[in-house]
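Lettering of chains follows the sequences in order, A, B, ..., and the numbering in each one begins at 1.
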Amino acid sequence: MLQAEHLTVRYGDFTAVDDLSFSLNAGDWLMLAGPNGAGKSTLLSALAQGLPYQGRVTLNGQNIRSLSPAARAREMGVLSQHHRVEYAYTVEEIVGLGRYAHERGFLFHRDSEGKNAMERALEITGLAPLRHQSALALSGGELQRVFLAQVFAQNPRILLLDEPANHLDLKYQQHIFDLIDIWRRQERRAVISVVHDLPLARRYGSRALLLHKGKCVRQGAMDQVMAPDCLRDVYEMDVYAWVRDLLEPWN
Amino acid sequence: MKATKERFSFLEYALFTLALIFALLLCLCVGSVPLPLSDTLRALWRGLWGQPLPDGVNKAILFSVRLPRVICVALSGAALSLCGAAMQGLLRNPLADGSTLGVSAGASLGAVIALAFGVAIPGLPYAGTMGMAMAFAFASLLLILSLAYALDRSFSTHSIILIGVIFSMFASALMSLVISFAGERIKSITFWTMGSLAGSNMDHALILLLALALCGGVLLRHTRELNAFAVGEDNARNVGVDVRRVKLTVLITVSVLIGVCVSIGGTISFVGLVTPHMARMLAGPNHKRLLPASMFLGAVFLLLSDLAARTLLSPIELSIGVVTSLVGAVAFVIIFRRTRKGG
């Protein structure tokens, strides 16, 4: 459904993403991996249309540049890493914003489909009991769940995630990833995410794309891309030995 | 916490309207020449249908002085407060307002230049001054926001306010310069820095009403987008808001409305800062409730401020801006302290 051809992003003279091509099918979870500065977040920002790029990205055959912001939001959702809320919006109000691109007509009426989508999002994320709570009173983990519920309510075909849980404790990390995984399977949606935590990427991803200095080193099935020799070349260390050593004390 | 409805109910609107009518009548009756309420009501009713007025009511005071002034005060209050609420949402900045951002000072400078150099559009009275005030308001807003962005990429609340304050001083200095050269042609500097609606007439009221209806309509059509911006500009982009278009639309609309208000009443500071906060406490941050609540509260707040300005030191009349600034400065400190705490 998503096809990127010869995608290049430059910051002045510096090429952050260099001639990248890949495709994504419904139900895929593509993990973008690579060391710092490899171009993972830049690639994600280009797809989310925050950054100008060269090349061609199509969604079901349609160039994403030709989509209006609302039409793009119906196809592609983004969950950012950090959120800071200034005003005392309720959980329900923030989740409801996810329906923005779907509301039409003179009064932007929220139809029953919209209400159902919202209810489902609140239900899946376990936020239904907190729906009238002010977002100012929530913890970081709860707030991340609120924005996850928002993007579920938005119900896009593709979900883009930039390190969605790396500032959360382990319980919330697992929770957020499980929620996304269930949603992806149930609704047959595709996910692209930037993840630094390689064991986490292996656990949840169906495919991976390994980047190094803006170029694609390898892409495809998880096992191929996460092969020890391939990771050693890119990360300049024995990743497998390191992860094994980390777990050693618990064995 | 209990659920709140997205929009106000009919009953809530009726209550707001009652409060507004009460404030309007109070301002009509109280003054250096007090008018009894029953006579005032009868005179208004008869005046509406073109019938002769009852004895004992001074027609000139009621219809030529107090009524236009009171209407202008209410409309300006509603307009300035609406602008403040919209800007605070758009910039996600609880201290944003025409006066703190320097937009009002910019508009004043435009109006003063138009008056000093005789910028006028033939056949359309006020249009030259208002056009210049609007253009300068928008230019100031663009200048301040781009300066703030150039100096501080994170676009933080504090740098925007700081630049707004510096710009206001700069615009005031230029204004004094223009006024000292222009001499008799321009109302006193106090009018442009403190504001006054003492000399308003029915033409002013009509222009304000049209501007408020038009710009208010545009802003009320953008409540969903303002909610998205108030949660965060990135979030607005993620949910599908055409960020650039909405930003430009809201900023232009706000500039036009502030331009009109300033060219009629001078710079009335802090109304757009204080009342949206009161409205937020009353109605919550959702702009579907916040914008209408801000308009009603703004109107009532400015009516009461004007009443205080007229009566506190009677027979001396204060500038309305003196009263709003006194209240506003205190409110500013409280709000600033709250935002520093991260609340």
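When all heavy atoms of B:Gly240 and A:Ala73 are compared, the pair lying nearest together is CA-CB, 3.4 Å. When every heavy atom of B:Val239 is checked against every heavy atom of A:Tyr100, the shortest pair comes out as O-CD2, 3.6 Å.
Although no hydrogens or angles enter the test, the distance criterion places a donor-acceptor pair under 3.5 Å between the side chain of A:Tyr89 and the main chain of B:Pro285.
In this structure, CD in A:Glu92 is found 10.5 Å from CG in B:Asn286, a value given to the nearest 0.5 Å. One distance of note links CZ of B:Arg92 with OH of A:Tyr87; it measures 8.5 Å at 0.5 Å rounding. B:Asn235 contributes atom CG, which lies 13.5 Å from atom CZ of A:Arg84 (distance to the nearest 0.5 angstrom).
Within a 6.0 Å sphere centred on CD of A:Glu5, other residues, nucleotides and ligands contribute more than 12 heavy atoms. Counting heavy-atom neighbours within 6.0 Å of A:Glu113 CD, excluding the residue itself, gives a total of 12 or less. Under a cut-off of 6.0 angstrom, the local environment of CZ in A:Arg74 is crowded, with over 12 non-hydrogen atoms contributed by other residues, nucleotides or ligands.
Highest contact tally toward chain A, considering only B:Arg221, B:Arg237, B:Gln88, B:Arg245, is held by B:Arg221 [criterion: heavy-atom pairs under 4.5 Å]. Ranked by heavy-atom pairs shorter than 4.5 Å toward chain B, the options A:His102, A:Met76, A:Glu103, A:Arg131 are led by A:Glu103.
If you check the side chains of A:Gln154 and B:Asn238, you find no donor sitting under 3.5 Å from an acceptor.
Both the backbone and the side chain of A:Leu97 come within contact range of chain B, each with at least one heavy atom under 4.5 Å from a heavy atom of that chain. With a threshold of 4.5 angstrom between heavy atoms, A:Gln150 approaches chain B through side-chain atoms but not through N, CA, C or O. Neither the backbone nor the side chain of B:Val243 comes within less than 4.5 Å of any heavy atom in chain A.
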